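One structure is given here, and the rest of the page talks about it.
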Amino acid sequence: MTEDRTRGWFRGARETTQLDLATGTATGSGAAVAGTQAIGGTHATVQVDRDQLPGVDAAEPRTDSWAVAEPVVRTVEQHLDLILAAAPTPDPIQLAVLDAQGLLCAEHVVSTRDLPAFEQAALDGYAARSVDTAGASPEDPVGLAVVGESLAGPAEPSAIGPGLAHKVAAGAMLPTGADVVVPTVWTDGGAAHVGVHAELAPGTYVRRTGEDVAVGDTAVSPNTPIGPAQISLLAAVGRDRVLVHPRPRVTVLCAGSELVDVGTQPGPGQVVDVNSYALAAAARDAGAEAYRGGILPRDRRKLVELLESQLLRSDVVLISGTFAGGGFDLVQEALAQLGEVTFAQVAMHPGPVQAFGRLGRDGVPVICVPGEPAAALVAFEVFVRPAIRLMLGKRQLFRRTVQAVSAQQLLSPLGYRQYLHGQVMRHPDGGYVVEPVDDGQDAALARTARSNCLVVVDEDVTEVAPGGLVTVMPMLLGG
C-alpha cells in the first residue's frame, strides 16, 4: 500500500456543489444561507504540525502518543483536512470485471480485437450493392435476385455480384461485394426476387470492421468509472479481468462498557450496539469494503491485541464511543500504545468531540466519532465519507446540496455548525421545503431513520426563521 500524504488537489475550496432549485444547475460557491455563507465556503486550509498542536508543549518530553483534548476548537474544515491529508492510496489490484463494478479503472485497456470483428448487417433486410439501388423508389422499384440467406452466428463466407441480393438478419456476416443493407420495410419482402423501394448510399445499415473499436484503440481509460457499459466493452475486447482502484478496507469498532450485541437482551443501564452496524453500512454505501469489528473488549491486553490485528486488514479504522474529555480512558490508553491519536473539540453539533491519528507501523488512519448514534452518522458524513471517496479516486468527494425553505424555526448554538436530520420535499410551487425531524438535542433513532437529508446551519447563525433558506444535504443511497 502506498500513501500520498499531500493530496494537493483537494486543498482550497471546501464547498459541496450547490444546485439551483429552479433549473437544477450548479450555482456559484458563495451562495448565502439564511444570512451567512453556505456550508463549505472557501476557507484557508490549515497545516497542523503535530509537535505544535495547541495544548501540547513541544519542549516537554512525550511519555506517550496520546494527546489531550485541545483547548482551541478546530473548525470542521481543519479537522477534515487532517483526515484527507492522511487518507492512504491503496495500490491498484486486478479484479474480475463483474467485481470491478462501481470502481475506477486504473489502466489503459487497449483492444487487441476489432469491434465488430467482421462487416455485419445492422438490421434485418437484404445485403446488396449500393450501385444496384440507384434510382429505386416505391413507384419504380429495382428488382434483385435473392441468392442466399444469412443468420447471426457462424457462417461460411459468401459473395454477391451485380443485380444480386442476400437476405440477412441483424448481426449476420455481410457477403463480399455488398456495401448496403436494405431494410425489409423498404422492399416487397420477396424470397427469390426482391423489389427495392429506396436508393441507398454506400455503408447504409452496415457495421464496418473495427468502426466501434479497432486493434490498438483504448477501450477504457484510467479513472473511468466501471459500470454496465464498460463491463460490456471489456468483455467484448476479451478482458475478463481489469486493474482498478480497490475499495478501501474500513474496520468499524465500538467502545463502551454499556454496549451489548444485538442478540443479547440489554440489562439495566445497557444499550444495544447499533453504531457498528450503522457505520459499517454507511461505509459500504460510500463504496468501502466494510468490516464490523463489534464491541471493543474491556481488558487492556485484549484490546491492544484486537486493535493490532485490525490494523493488518484495514486502510482506515473507525471507532465510535464516548471518550474521556480530560484524562485517559481504557481505549485511549490502548491507542496510545499503537500510535498518536489527538482528541479535540470540533466546532460542530452534534458530537463536537472528535479524534484522529495514525496507528501501527504503517500509520493506518484511525478516526474516532461520537458514541451517540445520530451524532456518529453525522460525523461519518462530514469526515469519513469524503475520505473513503478520496481513497476510491473519486473527484466529487462531497454530496451535492440544495437550498431549501425551512418549514419551521431553527435554533443553533453560536460558533458551531449545526447538522439536523430532516425531511426535504419538493414544493408544489417549485423548489424545496425542509422540516427537521429533531432539534439537535433529542436524537431518537426512529426519527433519524425517517430523515432523508441533513439540514446545515452555519457557525454564525443562531436562528433561522420559518421561511428562511438553509443548506440541505440529501442523503441519497450510494449518492
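This one's a predicted model, so the numbers in the text were calculated from it and none came from an experiment.
Qualifying side-chain hydrogen bond (donor to acceptor under 3.5 Å, both in side chains) partners for Ser111, counting only residues two or more places apart in sequence or in other chains: none. Considering only residues two or more places apart in sequence or on other chains, Phe383 meets the ring pair (Phe, Tyr, Trp, His ring centres under 6.0 Å) condition with His79. Take Glu199 and apply the salt bridge (Lys or Arg N to Asp or Glu O under 4.0 Å) test, not counting sequence neighbours, and it matches no residue. Qualifying side-chain hydrogen bond (donor to acceptor under 3.5 Å, both in side chains) partners for Asp132, counting only residues two or more places apart in sequence or in other chains: Arg129. With sequence neighbours excluded, the residues forming a salt bridge (Lys or Arg N to Asp or Glu O under 4.0 Å) with Arg239 are Glu107, listed by chain and number. Contacts of Glu149 classified as side-chain hydrogen bond (donor to acceptor under 3.5 Å, both in side chains), with partners at least two apart in sequence or in another chain: none. Residues passing the side-chain hydrogen bond (donor to acceptor under 3.5 Å, both in side chains) test with Ser276, sequence neighbours excluded: Asp273, Arg292.
Side-chain contact between Ile388 and Lys394: absent, with no pair of heavy atoms (C-beta onward) separated by less than 4.5 Å. A heavy-atom distance below 4.5 Å is not found between the side chains of Val272 and Asp261. Put simply, the side chain of Pro365 does not reach to within 4.5 Å of the side chain of Ile83, judged on heavy atoms.
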Can Arg358 and Glu340 be said to form a salt bridge (charged side-chain N to carboxylate O under 4.0 Å, His left out), step by step?
CA-CA 6 Å; Arg358 302 171 73 92; Glu340 181 179 2; over 6 Å; no
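Pairs engaging residues 217-245 under the ring pair (Phe, Tyr, Trp, His ring centres under 6.0 Å) rule: none recorded [sequence neighbours left out]. Residue pairs satisfying the ring pair (Phe, Tyr, Trp, His ring centres under 6.0 Å) criterion with at least one member in residues 153-176, sequence neighbours excluded, are absent. Applying the ring pair (Phe, Tyr, Trp, His ring centres under 6.0 Å) test to every pair with at least one member in residues 195-223, sequence neighbours left out, gives these pairs: Trp186-Tyr205. Here ring pair (Phe, Tyr, Trp, His ring centres under 6.0 Å) pairs that include residues 114-163, with residues two or more places apart or in two chains, number zero.
With no hydrogens or angles considered, no side-chain donor-acceptor pair links Thr209 and Asp114 at under 3.5 Å. Side chains of Thr471 and Gln403: a donor on one and an acceptor on the other come within 3.5 Å. Counting only N and O atoms by type, the side chains of Tyr432 and Arg426 include a donor and acceptor under 3.5 Å apart.
Across all their heavy atoms, Ala178 and Glu119 have their closest contact at O-OE1, 4.5 Å. The shortest heavy-atom contact between Pro436 and Leu410 is CG-CD2, 3.1 Å.
Of the possible donor and acceptor atoms, none in the side chain of Gln310 sits under 3.5 Å from a partner among the backbone N and O of Leu307. Side chain of Gln396 to backbone of Phe398: a donor-acceptor contact under 3.5 angstrom is found.
To the nearest 0.5 angstrom, Asp315 atom CG is 9.0 Å from Thr251 atom OG1.
Here the options are Gln418, His349, Arg417, the test is side-chain hydrogen bond (donor to acceptor under 3.5 Å, both in side chains), and the partner is Glu459; only Arg417 passes. Here the rule is side-chain contact (heavy atoms from CB on, under 4.5 Å) with Tyr419, and of Val457, Val76, Leu377 only Val76 fits it.
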Check residues 210-230 and write down every donor-acceptor pair under 3.5 Å in which the side-chain atom is one partner and the other belongs to a residue at least two apart or another chain.
unit_1	atom_1	unit_2	atom_2	d
Glu211	OE1	Arg208	N	3.4
Glu211	OE2	Arg208	N	3.4
Asp217	OD2	Ala214	N	2.9
Thr224	OG1	Ser221	O	2.9
Gln230	OE1	Gly227	N	2.8

